[in-house]
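Let me begin by presenting the structure, written as structure tokens, before commenting on it.
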Amino acid sequence: SEGSCLECEAGFVPEEGEVPGVKIVDSVVKWICSPCAPGCATCHHAGAGKCDAGGCSPGYGFSQGFCIPCFSPLCSCDEDREDSKSHADLQVISDAPTKVTLPAKLPCRGCPATFGLDEEGDCLPCLVRGCKYCPALDFCQECAEGTTLRSVGSDGNGSRIVQEC
């Protein structure tokens with residue numbers, strides 16, 4: 001019906017509510033699109049002002065029902081439950097019924113192709129030229145198509161092996 005929505009665009013969820021300037025007649029239920037939490041694309045289960053697990057927009061990670069910016073917009077950074085108290089830089093979200101303490105940014109957990117994690121949890125370009133997947137910046141696990149991983153040098157004293165693709 002006019003002034004009512006049943007489906008909402010990404011980042012919004014339909015809720016029963018009043019539409020400003022529209023008078024409800026004959027007990028017809030009006031649906032409005034209410035925003036999800038900032039950085040959230042899907043909140044159909046959690047409701048307005050929150051976010052569904054796995055529903056954060058790219059560059060954001062899920063933590064305690066909210067979407068928090070990642071250290072890098074390139075990475076995935078959803079937080080595990082056991083890690084939720086391990087951040088030194090925390091912010092308090094007070095618009096919830098009870099105060100929730102959240103990190104200001106979440107460290108990356110995974111990076112796209114040709115990027116690897118540094119010690120701080122940020123995604124940076126792989127240091128091994130031609131590397132497709134590097135779990136650490138200076139260690140290549142998979143080379144780009146058409147190249148092969150090879151060790152260039154090492155010594156017997158435990159020094160790091162230099163890699164090339």
Side-chain angles (χ1 to χ4, degrees), residues 7-15 33-154 157-165:
E7 265 187 58
C8 300
E9 62 185 55
F12 292 84
V13 63
E15 283 191 317
C33 291
S34 297
C36 300
C40 181
T42 309
C43 61
H44 297 290
H45 299 290
K50 295 187 177 142
C51 196
D52 295 342
C56 295
S57 300
Y60 289 81
F62 185 77
S63 177
Q64 302 177 51
F66 295 93
C67 294
I68 308 298
C70 301
F71 278 8
S72 168
L74 300 172
C75 73
S76 58
C77 65
D78 283 345
E79 186 174 65
D80 294 334
R81 281 239 183 257
E82 59 269 12
D83 294 338
S84 63
K85 304 287 184 216
S86 65
H87 301 280
D89 186 17
L90 298 173
Q91 61 181 342
V92 176
I93 304 293
S94 59
D95 60 345
T98 57
K99 289 186 177 184
V100 178
T101 304
L102 298 170
K105 288 194 172 194
L106 294 175
C108 297
R109 301 214 176 266
C111 299
T114 72
F115 286 82
L117 284 172
D118 71 1
E119 296 81 27
E120 285 81 41
D122 200 355
C123 286
L124 298 174
C126 296
L127 296 176
V128 178
R129 190 175 163 137
C131 187
K132 181 178 177 182
Y133 175 69
C134 58
L137 295 178
D138 61 350
F139 180 76
C140 186
Q141 190 167 337
E142 182 182 343
C143 290
E145 193 173 327
T147 61
T148 305
L149 186 63
R150 62 187 175 120
S151 298
V152 176
S154 66
N157 299 326
S159 293
R160 193 136 177 90
I161 298 171
V162 178
Q163 297 177 313
E164 283 184 354
C165 288

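- For the two cysteine residues C77 and C70, the thiol sulfurs sit under 2.5 Å apart.
- When the SG-SG distance for C140 and C134 is compared with the 2.5 Å cut-off, it comes out at or above that value.
- For the pair P14/H44, a side-chain contact is recorded, criterion being any heavy-atom separation below 4.5 Å from C-beta on.
- Remark: side-chain polar atoms of D78 are paired, donor with acceptor, to backbone N or O of F62 under 3.5 angstrom.
- If you take NZ on K50 and NE2 on H45, they are separated by 14.5 Å, rounding to the nearest 0.5 Å.
- Going from atom CG of L149 over to atom NZ of K132 covers 13.5 Å, rounded to the nearest 0.5 Å.
- As summarised for C75 and C123, their two SG atoms remain at a distance no smaller than 2.5 angstrom, missing the threshold.
- To the nearest 0.5 Å, atom SG of residue C67 and atom OH of residue Y60 are 8.5 Å apart.
- Contact record, L117 with C111: CD2-SG, 3.7 Å, taken as the closest heavy-atom pair.
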Can C131 and C165 be said to form a disulfide (SG to SG under 2.5 Å), step by step? CA-CA 6 Å; C131 187; C165 288; 5.0 Å; no
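- Closest approach of C126 to F115, counting heavy atoms only: SG-N, 3.6 Å.
- With values rounded to the nearest 0.5 angstrom, C43 atom SG is found 9.0 Å from F12 atom CZ.
- Taken as a pair, C51 and C36 fail the criterion of an SG-SG distance shorter than 2.5 angstrom.
- Here the OH atom belonging to Y133 is positioned 10.0 Å from the CZ atom belonging to F139, to the nearest 0.5 angstrom.
- For the atom pair NZ (K105) and CG (D122), the distance works out to 8.5 Å, reported to the nearest 0.5 Å.
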